[in-house]
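Worksheet: the structure to be examined is printed underneath.
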There are 2 protein chains.
Amino acid sequence: MNVEKLRSIVGEDWIITKREQMENYLTDATILAARPEVADEVIVVKPADSKEISEILKLANIENTPVFIRGGGTGLCGGAIPTMDGIVLSTERLDRIEEIDKDNLMVVAQAGVTLGTMLEAVEDAGLFFPPHPGDEGAQVGGLVACNAGGTRAVKYGVIRNFVKGLEVVLPSGEIVNLGGKLLKNNQGLDLLHLMINSGGILGVITKVIFRLYPKVASSGTLVIAYDNRHDAIDGVPVILRSGVIPLAIEYTDRDVIEASAKHLGMKWPSTVGNAYLIVMLIGASEDEVYTQAEQISDICQKSNALDILIAESKTEQADILKMRSEIFSGVLSVAADGLDVTVPPASVGILMDKIDEIAKQFDTTILMCGHAGDGNLHPLLLKELCDKGIFKQVKRAIYQAAIELDGVITGEHGLGLIRIPDIDLYPGGKTWNLMRGIKKVFDPNNILNPGRAIP
Amino acid sequence: MNVEKLRSIVGEDWIITKREQMENYLTDATILAARPEVADEVIVVKPADSKEISEILKLANIENTPVFIRGGGTGLCGGAIPTMDGIVLSTERLDRIEEIDKDNLMVVAQAGVTLGTMLEAVEDAGLFFPPHPGDEGAQVGGLVACNAGGTRAVKYGVIRNFVKGLEVVLPSGEIVNLGGKLLKNNQGLDLLHLMINSGGILGVITKVIFRLYPKVASSGTLVIAYDNRHDAIDGVPVILRSGVIPLAIEYTDRDVIEASAKHLGMKWPSTVGNAYLIVMLIGASEDEVYTQAEQISDICQKSNALDILIAESKTEQADILKMRSEIFSGVLSVAADGLDVTVPPASVGILMDKIDEIAKQFDTTILMCGHAGDGNLHPLLLKELCDKGIFKQVKRAIYQAAIELDGVITGEHGLGLIRIPDIDLYPGGKTWNLMRGIKKVFDPNNILNPGRAIP
């Protein structure tokens, strides 16, 4: 690698070559037991803008050097980990919110702006960004590259639905703009949507335009306690069909959410039951939210709810969201991996049963949380499975169960790096070849995030 | 072309070789003056299923024969017109709704099911499909291939937001399934979203899975009359920011909507003003819709509304929607083309002013309707412009105005065939090459809808 050339592009202060100074740039949030190994020869660069990124990619093409794009490092599938000798390209300096456009209800943010910073700015402007994909340290470029999901996707959908414009540096170094502040745009093949969930293999996202919504007048969060998983899940399809469309319908085991609460130094509000639904509601008035809450309470009571709490204050609601969003951190000490299987929403109960059977079959405990309203579960596999040498078997049994229910092995975390070896279970056939062909069109020398995002 | 081989694939009854019997398969809804010429040697085939389509495409590859996919023939940009000697592949026999899945809130429909048939079936099942992209004779495969927009896209978005699964026959003849009944799916590059608005150049869509919503309890449609266009448009950004999110916010000139009413043998309900907004509202109760209607009435009165009518009965609302949806038919006798420019929603007023200036400059009348809430206008150019030899100049002046406002030349109709010659005005740069590269990955022999959808 031509370190001097890199140094001349980003400047002396924005390059790291000493290993001991770059530890924070070498891993992401992939759970330790599943985390791939870092390569020996890595250089970290922190370009200031898309022009410097363009220069770096041009150089990488000449030298055939792999470039690993790094956003907030909150990914759970190893996508940002430099597993080959090469360059780590951090987008942290692209950290400016360029505009909150109140007339068009759009925010224009550079790729390195964190979710937390953006949410705060949007709220300060009196507007609303519905999705809340987990860790607020994630950067908006990464949210788009990974089509993040998270909680609050039931009513308005995942990140994809909010992306209206992108600036992208192509692997060749060319800088292109896709879309804009537009609600309708049908000019040719939709490269904007192809970039969403491309996992950084088709270009470096440097700027994002998200659609916003007017601030909601009122909101409420229900915590519904059940004796067991099955009762909790039983009510979900009924809620979805009821006509009330919640912002989020989350499921969590008691043990899992209490671990998260403990980790954060917070207190989980419910003291009864073993399984919970968290239902987030929004409306144009307190009355509207109250009516929705009543309808949902009725449904849940019919599916054997033990207790229903309503959090109405902003603080209480934010606390519940925080405990849910950082749930992975709470189980890090015991978990080997958190899966991301997704099935048609009405099949979540069946999948949950199958996972219970698999746990019994392999004589283990499989902890559980997930976005029940989206059909997206995160079974947590314990480290003991690695010790017993059956981790891979259990994981693949769960994948197989999801696929048999017409599901997928990853709903929101993406394939990244660590999910690719198991994709053989999915009947993708010809589609993988098409993806490889598209990658070649964008990146003929395979310099950008090689080995990630597609099989 | 090997007619005998085609005949053996689809059967004697499902092939047309005589020109006088195929007139209905040779044009689409492109306004006459802008319609491209049909080629001399055309064969129409009507395959029964995706397997027969696969055989046809395999044959076309061997013989290097262009295949033009035909859905409902309601496209406005010539995309379905066979302008080269080749095969017209009609999807009309793929006309079965395979399932309305009430548990997952999804409909599974073969590509040839019409929008009208699907809407009726969905309603009969007690569910709701929000978008209403114009002519109900459109087929669902075409809706996806063109990412149809239309009215009712403000609250839930365009067709793209509803597509969850597709069956596609690739140009090579391989049959693939993309997505499923899934609300989250991040398995590799998103070929499903790449197919949406691909204009049939990447594959033949043979089956569609759309997300549905629970039936809305209550709805209402406001018709708001203004003296002039500018007053009408002035209120739109204020409505969008108000917190009420209507299902649709439409704009139309009085002359245009009255021509549509006359064409349909119906009566436009308002008798005052020259310019109208049509605002469609839905809610969980009559009270909720009434509250929304009051808020919007207040806003519109401040922007000089002359009169506000509220249609509450289902019939009245359906009539207004019909007059709006078939608006192009009413102006066919006078119009040379209906454009499809789109700008950031808050810039619609400026675009409207610029179009008025262009009309003055070229001494013509430019009629106007459009989806004001989406920033999507349909200026209607009169036939007199062709006679005067200035049609192209006026059209390009309007495109230029939209592009200068960070807009696009097509928001919902797509490039089809007839919009491609003007795409040089748009700063697409490198992106067109990427689209051509992707086309080549899918269709190396360029047999499917050649010359369409991308420049």
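Atom set for the values below is all heavy atoms of this structure, side chains included, hydrogens, waters and symmetry mates excluded. In what follows, every chain begins at residue 1, and chains take the letters A, B, ... in the order their sequences are listed.
- In this structure, the portion of B:R211 lying under 4.5 Å from any heavy atom of chain A is its side chain and not its backbone.
- B:Q187 contributes atom CD, which lies 11.0 Å from atom CD1 of A:I420 (distance to the nearest 0.5 angstrom).
- Under the side-chain contact (heavy atoms from CB on, under 4.5 Å) rule, A:L189 has a single partner from B:I201, B:L434, B:L415, which is B:I201.
- Under the salt bridge (Lys or Arg N to Asp or Glu O under 4.0 Å) criterion, A:K439 pairs with A:D443, not counting sequence neighbours.
- Annotation: maximal heavy-atom pairing with chain A below 4.5 Å, among B:V216, B:I175, B:V343, B:I409, occurs at B:I409.
- Ion pairing of B:D340 with A:K184 is absent here, as no side-chain N (NZ or NE/NH1/NH2) approaches a carboxylate O to less than 4.0 Å.
- At least one side-chain heavy atom of A:P345 sits less than 4.5 Å from a side-chain heavy atom of B:L183.
- Both the backbone and the side chain of B:E412 come within contact range of chain A, each with at least one heavy atom under 4.5 Å from a heavy atom of that chain.
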Apply side-chain contact (heavy atoms from CB on, under 4.5 Å) to residues A:N185 and B:T410 and explain how you reach the verdict.
CA-CA 6 Å; A:N185 180 2; B:T410 174; over 6 Å; no
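- For B:L202, the part lying near chain A is the side chain, with the backbone staying farther off; criterion is any non-hydrogen pair under 4.5 Å.
- Judged purely by atom type and a 3.5 angstrom limit, A:N197 uses its side chain to pair as donor or acceptor with the backbone of B:G188.
- Between chain A and the options B:L170, B:V168, B:N177, the largest number of non-hydrogen pairs under 4.5 Å is found for B:L170.
- The structure places OH of B:Y156 at 6.5 Å from NZ of A:K155, a figure rounded to the nearest 0.5 Å.
- Between chain A and the options B:N433, B:L191, B:I454, heavy-atom pairs under 4.5 Å are most frequent for B:L191.
- Note: B:T431 OG1 to A:L178 CG = 7.0 Å, rounded to the nearest 0.5 Å.
- When B:G411, B:G437, B:P214, B:S198 are compared by the number of non-hydrogen pairs under 4.5 Å with chain A, B:G411 comes out ahead.
- Of the two parts of B:V408, the backbone and the side chain both hold a non-hydrogen atom closer than 4.5 Å to a non-hydrogen atom of chain A.
- Of the residues considered (B:M435, B:H413, B:K181), B:M435 shows the highest number of contacts with chain A, using heavy-atom pairs under 4.5 Å.
- Among B:K215, B:K164, B:R160, B:R419, the residue with the largest count of heavy-atom pairs under 4.5 Å with chain A is B:R160.
- For chain A, no part of B:A284 is nearby; none of its heavy atoms comes within less than 4.5 Å.
- B:D190 places no side-chain N or O within donor-acceptor distance of the main-chain N or O of A:L194, the cut-off being under 3.5 Å.
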